[in-house]
Amino acid sequence: MKVLVTVKRVVDYNVKVRVKADNSGVDLANVKMAMNPFCEIAVEEAVRLKEKGIASEIVVVSIGPGVAQEQLRTALALGADRAVLVESNEELGSLAVAKLLKAVVDQEQPQLVILGKQAIDSDNNQTGQMLAALTGFAQGTFASKVEVNGDKVNVTREIDGGLQTVALKLPAIVTTDLRLNEPRYASLPNIMKAKKKPLDVLTPDALGVSTASTVKTLKVEAPAARSAGIKVGSVAELVEKLKNEAKVI
Ligand code: AMP
């Protein structure tokens, strides 16, 4: 079974992002970038399927600037076999990304596509769902367990207040939630080996996909600064303040 895994290059989750002075977006100058954490979980799940003998090939795909090859090489070091970069320096909306992924799916014909549930930069949580609509594949979102069973994949989904298990007919799309697995680290020998694994670079034009945007970002704002708290001397003072200042009791 061929598994396609999507990998997005995003600002590292440890970085405190700064908004540009003109509020047009986030300042990416000299900022550490990394693989989106939910995509790391997607790669790990595919590698585990390969280790169980269920997946025969793992192809990782990223859409973004040339430097996104770094994240693809990381995925190759973690166990993917081959990588595809759809190179674009534009800021692409989810629909454009989903259309490009659909073109890659048409070329690669995977049985299973694993995406992160969400990119931590845009927080869109919609690319997997859009790809499912464009391909007509079954979708299991927010997966905390994935079990391939013949021509079906059982996906346990994290839903409000519980879990739901669905059976999807392959080919299918799965988006990963946090509890699906704990991704491994790449070993040094595997990082070296990954340098020799195949990485193809395509363009939206070559895939015949228009990436024209239907959404325009008007403004990006940092969260309001929190005002400093105070220390109270006694329980009585706390109760007095909650009653008379905060007026919450
Ligand atoms: P989003 O819908 O933007 O929150 O992203 C959900 C998931 O779609 C991410 O975790 C990635 O797996 C995938 N994805 C989104 N944008 C890209 C991209 N530019 N390149 C590769 N994968 C992407």
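Being a predicted model, the structure only gives us computed values, none of them experimental. Numbering starts at 1 and runs along the sequence shown.
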Student: Could you tell me the separation between the OG1 atom of Thr74 and the OH atom of Tyr185, rounded to the nearest 0.5 Å?
Tutor: 13.0 Å
Student: Show, in sequence, the C-alpha distance, side-chain angles and deciding distance for Val7 and Val61, and conclude whether the side-chain contact (heavy atoms from CB on, under 4.5 Å) test is met.
Tutor: CA-CA 6 Å; Val7 164; Val61 55; over 6 Å; no
Student: Hydrophobic cluster membership, with links at side-chain heavy-atom distances under 4.5 Å among I/L/V/M/F/W/Y: are Val5 and Leu202 in one?
Tutor: no
Student: Taking distance alone, no hydrogens or angles, what donor-acceptor pairs closer than 3.5 Å link side-chain atoms of residues 159-169 to residues at least two apart or in another chain?
Tutor:
unit_1 : atom_1 : unit_2 : atom_2 : d
Gln164 : OE1    : Arg157 : NH1    : 2.7
Thr165 : OG1    : Thr156 : OG1    : 3.3

Student: With heavy-atom distances below 4.5 Å as the criterion, would you say the side chains of Lys247 and Lys243 are in contact?
Tutor: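 Side chain of Lys247 against side chain of Lys243, heavy atoms only: no contact under 4.5 Å found.
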Student: Following the transitive rule for hydrophobic clusters with a side-chain heavy-atom cut-off under 4.5 Å over Ile, Leu, Val, Met, Phe, Trp and Tyr, establish whether Ile173 and Leu170 coincide in one cluster.
Tutor: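 No; Leu170 is not reachable from Ile173 via cluster members.
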Student: Supply the atom-to-atom distance Glu240 CD to Ser234 OG, rounded to the nearest 0.5 angstrom.
Tutor: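 Spacing of CD (Glu240) from OG (Ser234) equals 9.5 Å.
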Student: Heavy-atom distance under 4.5 Å between the side chains of Leu131 and Thr127, does that happen here?
Tutor: no
Student: Heavy atoms, side chains only, cut-off 4.5 Å: are Leu199 and Val201 in contact?
Tutor: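 When only atoms from C-beta onward are counted, Val201 and Leu199 do touch, with a gap below 4.5 Å.
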Student: Can you name the closest pair of heavy atoms from Val153 and Val146 and give their distance?
Tutor: CG2-CG1, 3.6 Å
Student: List in chain and number order the residues that pass salt bridge (Lys or Arg N to Asp or Glu O under 4.0 Å) with Arg179, two or more places apart in sequence or in another chain; answer none if no residue qualifies.
Tutor: Glu158
Student: Please determine whether side-chain contact (heavy atoms from CB on, under 4.5 Å) holds for the pair Ile114 and Leu4, giving the CA-CA distance in whole Å, both sets of side-chain angles, and the decisive distance to 0.1 Å.
Tutor: CA-CA 6 Å; Ile114 314 181; Leu4 187 76; over 6 Å; no
Student: Looking at every non-hydrogen atom in both residues, tell me the closest pair between Val47 and Ala80 and how far apart they are.
Tutor: CG2-N, 4.5 Å
Student: Would you say Val105 and Val113 make side-chain contact, with heavy atoms under 4.5 Å?
Tutor: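 Answer yes - side chains close enough.
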Student: Is the shortest side-chain heavy-atom distance between Thr211 and Leu100 below 4.5 Å?
Tutor: yes
Student: Would you say Phe137 ends up clustered with Leu95 if hydrophobic residues are merged whenever their side chains have heavy atoms under 4.5 Å apart, either directly or through other cluster members?
Tutor: no
Student: Contact between Val67 and Gln71 at the side-chain level, heavy atoms closer than 4.5 Å - yes or no?
Tutor: no
Student: Transitively linked via ILVMFWY side-chain contacts under 4.5 Å: Val209 with Val97?
Tutor: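 Hydrophobic grouping puts Val209 with Val97.
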Student: Counting only heavy atoms not in Glu91, do more than 12 sit closer than 6.0 Å to its CD atom?
Tutor: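 At most 12 heavy atoms, drawn from other residues, nucleotides or ligands, come within 6.0 Å of this atom.
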Student: Taking only distance into account, with no hydrogens and no angle test, what donor-acceptor pairs under 3.5 Å do side-chain atoms of residues 31-40 form with protein atoms, sequence neighbours excluded?
Tutor:
unit_1 : atom_1 : unit_2 : atom_2 : d
Lys32  : NZ     : Asp12  : OD2    : 3.2
Asn36  : OD1    : Ile120 : N      : 2.9
Asn36  : ND2    : Gln118 : O      : 2.8

Student: Test of understanding: with side chain to side chain donor-acceptor pair (under 3.5 Å), list the residues that count as partners of Glu70, not counting sequence neighbours.
Tutor: Arg9
Student: Closest heavy-atom contact between Ala55 and Ala46?
Tutor: CB-O, 4.3 Å
Student: Between Val248 and Ile230, is there a shared hydrophobic cluster once you connect ILVMFWY residues whose side-chain heavy atoms come closer than 4.5 Å?
Tutor: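 Looking at the clustering, Ile230 is in the same group as Val248.
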Student: After noting the C-alpha distance and the side-chain angles of Gln107 and Leu207, does the key distance pass the side-chain contact (heavy atoms from CB on, under 4.5 Å) rule?
Tutor: CA-CA 9 Å; Gln107 273 191 2; Leu207 291 170; 3.6 Å; yes
Student: Determine whether a donor-acceptor pair (N or O, by modelled atom type, separation under 3.5 Å) exists between the side chain of Arg82 and the backbone of Lys197.
Tutor: no
Student: Do the charged groups of Lys52 and Glu45 touch, with an N to O distance under 4.0 Å?
Tutor: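 Salt bridge: no.
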Student: Treating Thr175 as the side-chain partner and Leu115 as the backbone partner, does any N or O pair qualify as donor plus acceptor under 3.5 Å?
Tutor: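 Between the backbone of Leu115 and the side chain of Thr175 there is no qualifying donor-acceptor contact (under 3.5 Å).
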Student: Work out which heavy atom in Glu57 is nearest to a heavy atom in Asp81; give both atom names and the distance.
Tutor: CA-OD2, 3.4 Å
Student: If you draw a 6.0 Å radius around CD in Glu182, do more than 12 non-hydrogen atoms from other residues or ligands fall strictly inside?
Tutor: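 Not more than 12 within 6.0 Å, no.
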Student: Find the distance between CG (Leu72) and CG (Leu85) and round it off to the nearest 0.5 Å.
Tutor: 6.0 Å
Student: Provide the closest heavy-atom pair for Lys8 versus Ser62 in the form atom of the first, atom of the second, distance.
Tutor: CA-OG, 4.3 Å
Student: I'd like to know if the side chain of Lys2 and the backbone of Glu108 have a donor-acceptor N/O pair within less than 3.5 Å.
Tutor: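 Yes, Lys2 side chain to Glu108 backbone: donor-acceptor pair under 3.5 Å.
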Student: Is any side-chain heavy atom of Val19 closer than 4.5 Å to one of Glu221?
Tutor: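 Glu221 vs Val19: side chains apart.
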Student: Taking atom types as modelled, is there a side-chain donor on Thr203 or Asp205 under 3.5 Å from an acceptor on the other?
Tutor: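 Short answer, no.
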Student: Mind checking what makes salt bridge (Lys or Arg N to Asp or Glu O under 4.0 Å) contact with Asp27, not counting sequence neighbours?
Tutor: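 With sequence neighbours excluded, Asp27 shows a salt bridge (Lys or Arg N to Asp or Glu O under 4.0 Å) to Arg18, given in chain and number order.
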Student: Are Val3 and Val59 close enough, and set up right, to give a side-chain contact (heavy atoms from CB on, under 4.5 Å), and what steps lead you there?
Tutor: CA-CA 6 Å; Val3 181; Val59 181; over 6 Å; no
Student: Given 3.5 Å as the limit, does a donor-acceptor pair link the side chain of Ser213 with the main chain of Val215, or not?
Tutor: yes
Student: Rounded to the nearest 0.5 Å, how far apart are CG of Leu101 and OG of Ser94?
Tutor: 10.5 Å
Student: Rounded to the nearest 0.5 Å, how far apart are OG1 of Thr141 and NZ of Lys117?
Tutor: 10.0 Å
Student: Within a strict 4.5 Å, meaning less than it, do heavy atoms of the Gln109 and Pro171 side chains meet?
Tutor: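 No, too far: nothing below the 4.5 Å cut-off.
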Student: What pair of heavy atoms forms the shortest contact from Ile191 to Ala186, and how long is it?
Tutor: CG1-CB, 3.9 Å
Student: Going by side chain to side chain contact (heavy atoms under 4.5 Å, CB included), name the residues that satisfy it together with Ser88, two or more places apart in sequence or in a different chain.
Tutor: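 For Ser88, the residues satisfying side chain to side chain contact (heavy atoms under 4.5 Å, CB included) (neighbours in sequence not counted) are Glu90, Leu92, Pro204.
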Student: Would you give the length of the straight line joining atom CG of Leu76 to atom NZ of Lys193, rounded to the nearest 0.5 angstrom?
Tutor: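 The NZ atom of Lys193 is 12.5 Å from CG of Leu76, to the nearest 0.5 Å.
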